[in-house]
Amino acid sequence: AALLTLGVGAAAQVWAPMPLTIAWVAASLAAIGARSALGARYLRLANPEDQAGLYRVLFVATEFVAGAAWAGGVALLLNAPEPAAHGFTLVLLMLVAGMIATTASAIPAAVGAGIAPIVAATLWSIGARTAMDFAILAALCGGVLLYFVMLANRLQKSALAGFSFQEEKDALIAELEQSKLNSDEAR
């Protein structure tokens, strides 16, 4: 995510003022750092299950902050007068939405919190124009972002199903081992 932010920041300098671009890159990198620090802190907990609810809320909040940072970049680029900046931004939106959907899929609320500010900034920026092509692009963007939210839910369900199958497999292996021990004792 940090490399993507730096790459987008370098490209954004073509269409947006340098001070605003630097401010956006700094805010985005700070959000990425906060999210990483929170994850590292959670992994260092002695018993993370005890504080899972608190950390779930914190993960959703940090994902919202990261989404808000990306929303700033979206607003910055979509308000540039060059059409190339708009196309670049819409492709970037799909990439970022996919990234959020796959990395935050374990907590569906975090996916929504990360994508919501981006959608709001996109609709605000595109809604400020009246051309029909921008309305069509906004509908396309909204549809793709909705798809990524649905994809995140599927990824979570798939991961949970995998855990369930692993648990069943472990139980069967334990049962087989116990049967083997019982058989060995009977001989």
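Remember, predicted model here, so these are calculated numbers, not experimental data.
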- prompt: Closest approach of Thr21 and Ala16, non-hydrogen atoms and distance?
  reply: OG1-CB, 3.5 Å
- request: Not counting sequence neighbours, which residues clear side chain to side chain contact (heavy atoms under 4.5 Å, CB included) with Ala27? List them please.
  value: none
message: Please determine whether residues Val111 and Leu151 belong to a single hydrophobic cluster, defined as Ile, Leu, Val, Met, Phe, Trp and Tyr linked transitively by side-chain heavy-atom distances below 4.5 Å.
response: yes
message: Using every non-hydrogen atom in the two residues, find where Leu77 and Ala85 come nearest and quote the distance to one decimal.
response: O-CB, 3.6 Å
task: Give the cluster check for Ile107 versus Leu58: same hydrophobic cluster or not, with ILVMFWY residues linked at side-chain heavy-atom distances below 4.5 Å.
output: yes
- line: Taken in chain and number order and not counting sequence neighbours, the residues that satisfy side chain to side chain contact (heavy atoms under 4.5 Å, CB included) with Val65 are Ala31
message: Strictly by ring pair (Phe, Tyr, Trp, His ring centres under 6.0 Å), give each pair with a member in residues 25-52 just once, sequence neighbours left out.
response: Tyr42-Tyr55, Tyr42-Phe59
task: May I have all residue pairs that pass side-chain hydrogen bond (donor to acceptor under 3.5 Å, both in side chains) and include part of residues 5-16, sequence neighbours excluded?
output: Thr5-Ser28
message: Please check: side-chain N/O of His86 versus main-chain N/O of Pro81, any donor-acceptor pairing under 3.5 Å?
response: no
statement: residues 100-123 vs salt bridge (Lys or Arg N to Asp or Glu O under 4.0 Å), sequence neighbours excluded, gives none
Going by atom type alone, with no hydrogens or angles, which donor-acceptor pairs under 3.5 Å involve a side-chain atom of residues 174-181 and a protein atom two or more places apart or on another chain?
| from | atom 1 | to | atom 2 | distance (Å) |
| --- | --- | --- | --- | --- |
| Gln178 | NE2 | Asn182 | OD1 | 3.1 |
| Ser179 | OG | Glu175 | O | 3.1 |

task: Looking only at non-hydrogen atoms, find the nearest pair between Gly67 and Ile118 and report the distance.
output: O-CG1, 3.5 Å
message: Nearest 0.5 Å, please: how far is OG1 in Thr89 from CG in Leu78?
response: 4.5 Å
Taking only distance into account, with no hydrogens and no angle test, what donor-acceptor pairs under 3.5 Å do side-chain atoms of residues 45-54 form with protein atoms, sequence neighbours excluded?
| from | atom 1 | to | atom 2 | distance (Å) |
| --- | --- | --- | --- | --- |
| Asn47 | ND2 | Asp50 | OD1 | 3.4 |
| Asn47 | ND2 | Asp50 | OD2 | 2.9 |

query: Is Ile173 atom CD1 crowded by more than 12 heavy atoms from other residues, nucleotides or ligands, each under 6.0 Å away?
result: yes
Within residues 167-187 or reaching into it, pairs that qualify as ring pair (Phe, Tyr, Trp, His ring centres under 6.0 Å) - sequence neighbours excluded: none
message: Who clusters with Ile22? Use side-chain heavy atoms, under 4.5 angstrom, across I, L, V, M, F, W and Y, and order the result by chain and number.
response: Met18
task: Would you kindly confirm whether Val74 and Phe88 end up in one hydrophobic cluster when ILVMFWY residues are joined by side chain heavy atoms under 4.5 Å apart?
output: yes
field: salt bridge (Lys or Arg N to Asp or Glu O under 4.0 Å) contacts in which one or both residues fall within residues 16-42, not counting sequence neighbours
entry: Arg35-Glu63
- request: Please collect all salt bridge (Lys or Arg N to Asp or Glu O under 4.0 Å) contacts where either partner lies in residues 86-105, sequence neighbours excluded, each pair once.
  value: none
By side chain to side chain contact (heavy atoms under 4.5 Å, CB included) - contacts of Leu4 (at least two apart): Val8, Trp70, Leu92, Leu95, Val96, Met99
